[in-house]
**Q** 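This is the structure I have questions about; it appears just below.
Lettering of chains follows the sequences in order, A, B, ..., and the numbering in each one begins at 1.
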Amino acid sequence: MQKCDPESVLLVACGNTLRSDDGAGPVLGDRLVRRFGPGLGCLKVHQLTPELSLDLLGESVKDVVFLDVHQQGSKGYCTSVEILPVHPAAPGDLTGHHLSPSGLLAFARLFQQDLPKGWLLTVPGWSFEFGEQLSPGARDSLKRAEDCFYLWLQSRIDL
Amino acid sequence: MSRTIIIDPVTRIEGHAKISLQLNDEGRVDQARFHVTELRGFERFCEGRSFWEMPGITARICGICPVSHILASSKAGDQILGVDIPETAHVLRRLMNWAQLVQSHALSFFLLSGPDLFMGMDTDPATRNMAGLLASDPGFARDGIRLRRFGQEMIRLLSEKSIHGAWSVPGGVRTPLSEQGRQTLLAQLPEAFEILERALDRHKNLLERMGDEVLNYGDFPSLFMGLVGTDGSLEHYDGVLRVMDSQGRLLEDALPTDRYADVVQETAENWSYLKFPHYAAASSPREGMYRVGPLARLNLCDFAGTPKADRELRQFRRLGEHGRPVTASFHYHYARLIEILFSLEKIEETLAAPVVTGTHVRSNAGVNRKRGIGVTEAPRGTLFHDYEVDDNGVLQRLNLVIATGQNNLAMNETILQIAKEYVRGNQLQEGMLNRVEHGIRTFDPCLSCSTHAAGQMPIRIELFDGQGRLLDAKMRS
């Protein structure tokens, strides 16, 4: 298995911190940087746009972990925290100027064939109304997300 | 039997809209309406807020051009404070505005309009999109991404955020530009110039085979309005207002921006949330229809003021008949590229000046005036923020006049012209629908700004007969 250290991991935290649980990704990004050190790169963005693809291609970046929230109960997601691999999208999935993680990886491939590995770490969200507070459920999920990231990192690194 | 065709919503623009076309008994289009169907009401709910908050609040109107709102709002705040902001702050705000033009115009030309322009209007919509562009023309897509990235990176370096950075404030800006930041930007400029040169070449080649589109995508007489420098130069941040007719005659010149209400009259229609500004002195809204944005700005200015942009401007002006203003809306695309070139030249020139890294960037004061009017040229056209406050700086009234709104009448006219040329019979042809949409895209409208509404992207088209019966419908997402 390819080994990496936290400094070879780039977090891309998506969400709007003024929309309650939608901001869980950026909040999680801050927590992970505090726990694993400032060497862990973290980009906080409202949405994924094509030019961000260039940020994935830093020489030292071996893994990109997208941090996002999924609506509790939405199809295709489990009810808890999960981290899954992400692969570059097929062309039909690219339809707007804001992108999915796999869409962003597809754009990154425009510039470089050898991409970092992509991962998506999501936490469930319940409330997406205006507000800067996370719902109790989302707050609870953040701790599990930290642990999930730790386990994932362990699988990628000799800590 | 008269019929109505509805395109709902329009895609690859910023926001949610639909188009309806009214056909007469002979099956010919005789009316077109561009409906903007959402409202968020910033002008109302901002009443009662402090003017200090307004750059941050109005920035949230839009994720594409928040810089324009931040700057216009800050300028209105400067007037309420009654201060001249420090020279470095002034220069940094201008830099921010040029960076905004670069990133926004790059998005519009390369990624939003690029699939139509370089893959063809009749190409299957399943492939005529960014993904198709990636596959068919990766070099062009790469250029678009890199150029937009340059503008976004510049905004991020200045304000620490590429979107919604509350950096410009009444009285100046919060933080200066570091020497390291200046060097970073200077290092990226050569590539940006190279990309732009390639894009200009591509576009000129394109024009040679787009004769029909140039003629039919909104080529009609209208007025033009926008800022120019006090010396008549191309201007995006300060200056005075100018209004020109399609013959090139100046109807207003050197008008101070705080007198904008003398020339801009806003009306409303019950079928759209987007207002219909027009030139107040005209005999009717239709007669007072004016266009703003890149096309208008290049028509209005006497010269650009930078070597490369002036060379391009001379070529651009040959597109107007007999030395008159360029009236084809399709040339908004070319005008955007020239404005990117101009912005890159101004950025290069400004970064070379020592004042750019000065550290005095903010003037402090309290409320000294009860009214402030901030005007800038946003990527899509002239933007007005007009605030009235009480002694404590609490907003009593505000009016936001947005570029896309000012192009509203012209967008309706553009749709009508395209529909008259391309709508045939009872069937809805994909190529026709996309041409109608592209007519709108030439203006690069930002409906999020103009109605302060959130956006949607799928498309639905319906065809009705005169009795309102559905004859045909198409949908894509």
**Q** What's the separation between atom CG in A:Leu54 and atom CD in B:Gln152, rounded to the nearest 0.5 Å?
**A**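 One gets 12.0 Å once the value is rounded to the nearest 0.5 Å.
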**Q** If you draw a 6.0 Å radius around CZ in B:Arg49, do more than 12 non-hydrogen atoms from other residues or ligands fall strictly inside?
**A**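 It does not: B:Arg49 CZ has 12 such atoms or fewer within range.
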**Q** Taking C-beta and beyond as the side chain, do B:Leu134 and A:Arg109 meet within less than 4.5 Å on heavy atoms?
**A** no
**Q** Rounded to the nearest 0.5 Å, how far apart are CZ of B:Arg149 and OG1 of A:Thr49?
**A**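 Separation between the atoms: 9.5 Å.
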**Q** Taking all non-hydrogen atoms of both residues, which atom of B:Ile145 and which atom of A:Ser53 are closest, and how far apart?
**A** CG2-OG, 4.0 Å
**Q** For the CD atom on A:Gln133, are there more than 12 heavy atoms of other groups (residues, nucleotides or ligands in this structure) within a distance under 6.0 Å?
**A**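 Open: at most 12 neighbouring heavy atoms sit under 6.0 Å from CD of A:Gln133.
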